[in-house]
Peer 1: 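My structure is below; once you've seen it, I'll send some questions.
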Amino acid sequence: MLTDDKGTEVVVARLPVGADAERASEAVLSVAERHRANRFVLDRDRRRFIACRARLRQLLGERLGVPPASVELAYGARGKPVLAPRFNGSALRFNLSHCGNLAVYAFSSRTDVGIDVEAIRVVDEADLIAAESFSPREREMYRDLPARDKPLGFLNCWTRKEAFVKAIGAGLAHPLDSFDVSLAPGEPARILRVQNTDGDCGWRIGSFFPAPGFVAAVVNEMPS
Ligand SMILES: CC(C)(COP(=O)(O)OP(=O)(O)OC[C@H]1O[C@@H](n2cnc3c(N)ncnc32)[C@H](O)[C@@H]1OP(=O)(O)O)[C@@H](O)C(=O)NCCC(=O)NCCS
């Protein structure tokens, strides 16, 4: 578990996906979550969803002081899971991301948070995605990277952008060229612009390697 000085906690978990673990995990899910699990076409995806949700419930339950099965979730207009209104008193916010059997969870007190993880790899369509989804400034920074830095530079940008749009709850429906993030490997993660204003505009961003072969970013709102 990583905790920063502003109280944002990040938990990294390897998801248990064996049959015994699945039975134990499924037992703490809600009826709606079990229905969702049963809609996955691939058994592997069903198992990962069940394990990821069970771990989320366990982590939320520990922080709320309730059993995992008693945690109640609600959803924002674009699908962001949040605690149901009966937990409003806790002011706990969270977000999660998964990639293969790795899950990352972010928890924050009172301020919105978003997190994203990706496996470090060469993305075949990276240049095309950058051309279509990055902002003009990000496209320029990406283009200027030496070839050896491009795969991680691309994933730095992608995870940072996704963490931001997940923090605001809009997901990928949000215009991805409406803000700029830093992306060069080895340089600090920063939000460089939001809309017409330079700077982080009240959002903080961090980038980290949650496990060998993975890169992640977490964004949270600065307390006002
Ligand atoms: C949210 C989103 C960015 C996730 O991207 P991804 O790389 O496929 O998946 P990740 O593993 O990083 O994150 C998935 C988790 O994000 C969370 N999530 C879903 N929607 C979210 C949103 N709008 N904002 C923040 N978090 C969201 C969920 O917990 C989800 O996990 P789950 O599916 O196990 O419940 C993408 O699916 C998206 O843009 N969704 C919004 C779609 C939309 O606009 N729908 C409109 C119709 S209501």
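Note that ligands are numbered from 1 as they come in the structure, with each ligand's atoms numbered from 1 the same way.
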Peer 1: Could you tell me whether atom 37 (O) of ligand 1 has a protein heavy atom closer than 4.0 Å?
Peer 2: no
Peer 1: Any idea which of Arg36, His98, Glu33 brings a heavy atom closest to atom 33 (O) of ligand 1?
Peer 2: Arg36
Peer 1: Determine the minimum heavy-atom distance between Asp177 and Phe134, stating which atoms define it.
Peer 2: CB-O, 4.4 Å
Peer 1: Please report whether ligand 1 has a polar contact with Phe49, defined as an N or O pair separated by less than 3.5 Å (distance criterion only).
Peer 2: no
Peer 1: Measure Ala77 to ligand 1 on non-hydrogen atoms and call it side chain, backbone, both or neither using the 4.0 Å cut-off.
Peer 2: backbone
Peer 1: Judged on heavy-atom distance to atom 42 (C) of ligand 1, which of Arg78, His174, Lys161 sits nearest?
Peer 2: Arg78
Peer 1: Among all protein heavy atoms in this structure, tell me which lies nearest to atom 13 (O) of ligand 1, with the distance rounded to 0.1 Å.
Peer 2: Lys166 NZ, 2.8 Å
Peer 1: Output yes when the distance from some N or O of ligand 1 to some N or O of Gly79 is under 3.5 Å, and no in every other case.
Peer 2: yes
Peer 1: So, does Ala167 sit close enough to ligand 1 that a heavy atom of it is under 4.0 Å from the ligand?
Peer 2: no
Peer 1: What residue and atom, counting heavy atoms only, is the protein's closest point to atom 29 (O) of ligand 1, and at what distance?
Peer 2: Pro81 CG, 3.1 Å
Peer 1: With side chains defined as the heavy atoms from C-beta onward, is the minimum distance between Arg47 and Leu15 less than 4.5 Å?
Peer 2: no
Peer 1: Hey, is atom 8 (O) of ligand 1 under 4.0 Å from any protein heavy atom?
Peer 2: no
Peer 1: At under 4.0 Å between heavy atoms, is it the side chain or the backbone of Asn95 that contacts ligand 1, or both, or neither?
Peer 2: side chain
Peer 1: Go through the steps to decide whether Arg204 and Asn220 satisfy the test side chain to side chain donor-acceptor pair (under 3.5 Å), and finish with yes or no.
Peer 2: CA-CA 5 Å; Arg204 285 187 318 132; Asn220 83 301; 3.0 Å; yes
Peer 1: Measuring from non-hydrogen atoms of Cys52 to any atom of ligand 1, is the shortest distance under 4.0 Å?
Peer 2: no
